[in-house]
Amino acid sequence: MLILLSSCATPNKTNYSKIEYEAGACFGFCPIFKMTINPDKTAIIDAERFTFYEGNSKADFSKPKEGTFKTTLDQESFDKLIEMLDSLNLKSLKNDYGDRNITDLPTSYLTVTFNDHSVKQVEDYGKNGNEDLSRLYLFIESLTKTQTWTKLKGH
């Protein structure tokens with residue numbers, strides 16, 4: 001039992017020093033935000049539109065920016081995120097995905113900084129680079145609903 005307790009107190013071991021995800025605009029009510037996740041499970045989201053509030057009319061586009069929010073990811077969600085990133089073999093991914101002949105699709109931007117300070121950036125127009133990337137995007141976007149976010153004052 002003592003071993004279990006001490007293992008819970010160990011810091012999160014990951015290969016990543018920063019995970020950034022940006023969900024870009026489309027011609028509809030796609031969520032628009034940038035999220036940064038740190039190895040200590042803290043996350044900041046700069047929410048522009050349709051991130052925490054659903055849009056349903058053109059008037060929603062003229063509303064003020066939603067704001068900047070902070071959370072600490074629950075351990076299960078953080079572990080799942082790291083597992084998904086590990087399984088992607090990030091450094092082997094292309095830097096650019098998507099068919100730009102189709103209009104109206106959102107673009108996602110994934111930037112992962114590794115502990116060795118190397119960086120992998122993936123731009124994905126349409127969010128369909130491959131099946132594992134699509135699952136990752138959906139999971140990260142779901143964090144806006146599954147975690148408890150606190151709005152930062154003055155933002």
Side-chain angles (χ1 to χ4, degrees), residues 12-58 60-149 151-152 155:
N12 295 296
K13 299 283 187 197
T14 76
N15 297 320
Y16 318 108
S17 61
K18 184 165 48 171
I19 302 158
E20 297 170 287
Y21 176 77
E22 185 173 346
C26 66
F27 288 137
F29 301 105
C30 301
I32 306 167
F33 66 88
K34 182 173 183 179
M35 185 185 302
T36 302
I37 302 169
N38 300 300
D40 65 357
K41 301 187 300 180
T42 58
I44 300 282
I45 190 167
D46 186 19
E48 192 171 321
R49 293 205 176 357
F50 316 124
T51 304
F52 295 106
Y53 311 104
E54 306 265 327
N56 58 23
S57 76
K58 287 184 180 182
D60 292 327
F61 287 95
S62 59
K63 287 183 179 176
K65 185 174 140 176
E66 290 180 32
T68 304
F69 299 78
K70 183 176 184 176
T71 195
T72 299
L73 300 180
D74 64 69
Q75 191 66 49
E76 183 181 345
S77 296
F78 184 80
D79 290 346
K80 183 173 181 179
L81 173 65
I82 298 307
E83 181 183 309
M84 293 175 90
L85 286 169
D86 287 347
S87 70
L88 276 172
N89 193 7
L90 284 163
K91 291 185 178 184
S92 71
L93 293 175
K94 295 191 298 185
N95 296 330
D96 192 27
Y97 292 92
D99 179 357
R100 293 201 169 32
N101 292 326
I102 303 169
T103 59
D104 187 27
L105 298 178
T107 300
S108 66
Y109 304 90
L110 177 67
T111 304
V112 177
T113 305
F114 295 87
N115 289 337
D116 67 3
H117 304 292
S118 63
V119 177
K120 177 62 179 183
Q121 293 180 305
V122 177
E123 180 178 329
D124 192 343
Y125 179 74
K127 300 183 183 185
N128 290 309
N130 67 38
E131 199 173 304
D132 290 335
L133 274 173
S134 294
R135 270 197 296 273
L136 176 68
Y137 305 149
L138 287 173
F139 179 74
I140 292 174
E141 291 181 13
S142 79
L143 295 173
T144 64
K145 309 284 190 249
T146 62
Q147 306 300 299
T148 303
W149 295 87
K151 188 168 188 175
L152 299 177
H155 292 272

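For the numbers below, each heavy atom of this structure counts, side chains included, while hydrogens, waters and symmetry mates do not. Everything quoted here is computed from the prediction, not taken from an experiment.
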Problem set entry | Distance-minimising heavy-atom pair for Tyr16 and Leu85 | OH-C, 3.4 Å
Problem set entry | Rounded distance [0.5 Å steps], OG1 in Thr72 versus CG in Asp40 | 7.0 Å
Problem set entry | Contact list for residues 110-148, test disulfide bond (SG atoms under 2.5 Å apart), sequence neighbours left out | none
Exercise. Say you draw a straight line from NZ of Lys65 to OG1 of Thr51; how long is it, rounded to the nearest 0.5 Å?
Worked result: 10.0 Å
Exercise. Could you give the distance from NZ (Lys63) to CZ (Arg49), rounded to the nearest 0.5 Å?
Worked result: 10.0 Å
Exercise. Can you name the closest pair of heavy atoms from Ser77 and Phe139 and give their distance?
Worked result: O-CZ, 3.5 Å
Exercise. What's the shortest heavy-atom distance between Gln147 and Leu73, and which atoms?
Worked result: OE1-CA, 3.3 Å
Name each donor-acceptor pair under 3.5 Å that joins a side chain in residues 17-35 to protein atoms two or more places apart or in another chain, with its distance.
from	atom 1	to	atom 2	distance (Å)
Ser17	OG	Thr113	O	3.4
Ser17	OG	Phe114	O	3.4
Tyr21	OH	Glu141	OE2	2.6

For this session: Report yes if the side chains of Phe69 and Thr144 come closer than 4.5 Å at any heavy-atom pair, otherwise no.
Result: no
Seminar exercise, completed: Scanning both residues in full, the closest heavy-atom pair of Tyr125 with Leu105 reads CE1-O, 3.2 Å
Seminar exercise, completed: Rounded to the nearest 0.5 Å, the CD atom of Glu123 sits from the CG atom of Asn95 at a distance of 9.5 Å
Problem set entry | Test side chain to side chain contact (heavy atoms under 4.5 Å, CB included) applied to Ser57 - qualifying residues, sequence neighbours left out | Ala59, Asp60
For this session: Indicate yes or no for a side-chain donor-acceptor contact from Asp132 to the backbone of Leu88 under 3.5 Å, with no hydrogens or angles considered.
Result: no
Problem set entry | Minimum side-chain heavy-atom gap Leu143-Thr71 below 4.5 Å | no
Problem set entry | Pairwise distance CG(Asp86) to CG(Asn15) - rounded to 0.5 angstrom | 5.5 Å
Exercise. Got a salt bridge between Glu76 and Lys80, using NZ or NE/NH1/NH2 to carboxylate O under 4.0 Å?
Worked result: no
For this session: Please report the shortest heavy-atom distance between Leu90 and Lys120, naming the atom on each side.
Result: O-CE, 3.3 Å
Exercise. Partners of Asn128 by side chain to side chain contact (heavy atoms under 4.5 Å, CB included), sequence neighbours excluded?
Worked result: Ser134
Exercise. For the side chain of Trp149 and the backbone of Ala43, is there at least one donor-acceptor N/O pair under 3.5 Å apart?
Worked result: no
Problem set entry | Within residues 102-143 or reaching into it, pairs that qualify as disulfide bond (SG atoms under 2.5 Å apart) - sequence neighbours excluded | none
For this session: Name all residues meeting the salt bridge (Lys or Arg N to Asp or Glu O under 4.0 Å) criterion together with Lys94; count only those two or more places apart in sequence or in a different chain, and write none if there are none.
Result: none
Exercise. Between atom OG1 of Thr14 and atom CG of Leu81, what is the distance when rounded to the nearest 0.5 Å?
Worked result: 9.5 Å
Exercise. Is atom NZ of Lys70 surrounded by more than 12 heavy atoms (other residues, nucleotides or ligands) closer than 6.0 Å?
Worked result: no
